[in-house]
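Heads up: numbering here begins at 1 and tracks the sequence.
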Amino acid sequence: MAKGKVQRRARKILGEEPVALVWCEIHKPIPVPPRDVHRAAGKGRLKSRHHWLWYAGAVVFFFVVVPMILMGHLSRRLGQRLSGRSRGGQTGQPRTPPDTQRSGRGRSPERDRGQDPTNGVFDGDWNLTAGQLLLRWYGYSPSPKRLLMLTRDRLCVAASPRRRLSPTRADDFQTVTEFTLEQARIEAEAGQPRGYATFRLAFTDGSWLEMGRLGEPEDADHFLRTVSG
C-alpha cells in the first residue's frame with residue numbers, strides 16, 4: 001500500500017481517510033484539439049515536460065548515433081559496389097517495379113477513415129467535462145502522474161508541482177480538481193493484468209476519460225476492487 005508520507009498527505013488535504021487511492025496517468029498521447037477550443041482554454045501544454053536527461057540523450061542520438069549509422073550504411077554500400085565491379089564490372093541489377101500491394105499495405109483509405117481520432121483517450125467532445133479536463137491536464141503539473149483519491153462522497157484528483165516524483169514518497173501534492181460521486185463515477189474491472197490495467201472517469205454529461213499506468217500494484221489492485229465492487 002501507499003507509504004506513510006503519501007497516506008498522511010492524503011488525509012491532510014482530504015480531511016478524512018481515503019477509501020482508496022492510486023497514482024495514474026493518461027497512458028496515451030492527448031489528441032490535438034481544434035485551434036479555437038485550445039485557444040479558449042488558454043493554450044495549455046498537451047504534453048508532459050521531459051527531464052533534462054531526456055533532451056541530452058536526444059542530442060547524443062541525433063549528433064552521434066545517427067551519423068555513425070549513416071557512415072556504416074554508406075561503407076556497406078560502397079563495399080557492395082566495389083565487389084560487384086570486381087566480379088564483372090556490373091554495378092547492380094536493374095530495379096524491378098515495386099509491388100504495389102506490398103507498398104500500400106496498411107494504408108487503405110478504409111483503414112485511414114476508420115482510425116479513432118481520439119486514440120481511445122476520451123469521448124471526443126472537447127466542450128464536455130472530460131475534454132475540458134484534458135485541455136488543462138498539464139497546466140496543473142508538468143508531471144503526467146496524478147493521484148486519484150476516492151472518499152465516501154468525492155472523487156479528487158491531485159498533482160505535484162514537481163516534474164519528477166516518487167509515487168511512494170511524494171508529500172507535496174495538492175488537489176487540482178474534484179467531483180462529487182453524483183458528478184463522476186469510475187468504471188473499472190477488477191483482476192486486470194498488472195501493468196496493463198485501465199479505468200475510466202465517466203461524467204454525468206456523457207463524457208469519459210481513460211486512465212492507465214497505475215502506480216504501486218497493491219494500491220492499484222485495492223483501488224480496482226473497491227470501485228468495481
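- Ser141 and Ala159 get closest at one heavy-atom pair: CB-CB, 3.8 Å.
- The two residues Val22 and Ala220 have their closest heavy-atom pair at CG2-CA, 3.9 Å.
- The shortest non-hydrogen separation linking Pro31 to Pro117 is CB-O, 3.7 Å.
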side-chain contact (heavy atoms from CB on, under 4.5 Å) assessment of Ile186 paired with Arg200: CA-CA 6 Å; Ile186 300 173; Arg200 282 185 176 183; over 6 Å; no
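- At a threshold of 4.5 Å between non-hydrogen side-chain atoms, the residues Thr198 and Met211 do not count as touching.
- Within the 4.5 Å cutoff, no side-chain heavy atoms of Glu189 are placed close to those of Ser228.
- Remark: the backbone N or O of Arg11 is not paired with any side-chain donor or acceptor of Glu17 at under 3.5 angstrom.
- A distance-only check finds no donor-acceptor pair linking the side chain of Glu178 to the backbone of Thr175 [under 3.5 Å].
- Distance check, rounded to the nearest 0.5 Å: CD of Gln132 to CZ of Arg136 gives 4.5 Å.
- Of the possible polar contacts, one joining the Lys28 side chain to the Asn119 backbone as a donor-acceptor pair under 3.5 Å is found.
- For the atom pair OG1 (Thr118) and CG (Asp125), the distance works out to 11.5 Å, reported to the nearest 0.5 Å.
- If you run side-chain contact (heavy atoms from CB on, under 4.5 Å) between Leu148 and each of Val227, Asp219, Leu155, Leu21, only Leu155 comes through.
- Hydrophobic cluster membership is shared by Leu147 and Leu14, with clusters built from Ile, Leu, Val, Met, Phe, Trp and Tyr side chains linked at under 4.5 angstrom.
- Heavy-atom minimum distance, Phe173 versus Ala158: CD1-CB, 3.8 Å.
- Salt bridge Arg162/Asp172: present, at least one basic N to carboxylate O contact under 4.0 Å.
- Remark: side-chain polar atoms of His38 are paired, donor with acceptor, to backbone N or O of Gly44 under 3.5 angstrom.
- Going from atom CG of Leu135 over to atom CD1 of Ile30 covers 8.0 Å, rounded to the nearest 0.5 Å.
- By the 6.0 Å and 45° rule, Arg146 stacks over the aromatic ring of Trp137.
- In this structure a side-chain-to-backbone donor-acceptor pair under 3.5 Å is missing from Ser207 to Phe203.
- The structure places CH2 of Trp208 at 12.5 Å from CG of Leu128, a figure rounded to the nearest 0.5 Å.
- Using a 4.5 Å heavy-atom threshold, the side chains of Phe223 and Trp23 count as separate.
- Residues satisfying the side chain to side chain donor-acceptor pair (under 3.5 Å) criterion with Asp221, sequence neighbours excluded, are Arg194.
- Heavy atoms of other residues, nucleotides or ligands lying less than 6.0 angstrom from CD of Glu187 number more than 12.
- Closest non-hydrogen pair, Arg45 versus Lys47, comes out as NE-O, 3.2 Å.
- Here the options are Asp205, Thr204, Thr177, Asp123, the test is side-chain hydrogen bond (donor to acceptor under 3.5 Å, both in side chains), and the partner is Thr129; only Asp205 passes.
- Under the 3.5 Å distance criterion, the side-chain polar atoms of His222 are matched with a main-chain donor or acceptor of Val19.
- Residues Val121 and Trp126 share a hydrophobic cluster, clusters being chains of Ile/Leu/Val/Met/Phe/Trp/Tyr side chains in contact below 4.5 Å.
- Panel note: side chain Glu210, backbone Phe199; no donor-acceptor pair is recorded below 3.5 Å.
- Side-chain atoms of Arg185 never come within 3.5 Å of backbone atoms of Leu181 as a donor-acceptor pair (strictly under, hydrogens ignored).
- In this structure a side-chain-to-backbone donor-acceptor pair under 3.5 Å is missing from Arg154 to Cys156.
- A pairwise comparison of heavy atoms in Ala10 and Pro18 identifies CB-CG, 4.3 Å as the closest pair.
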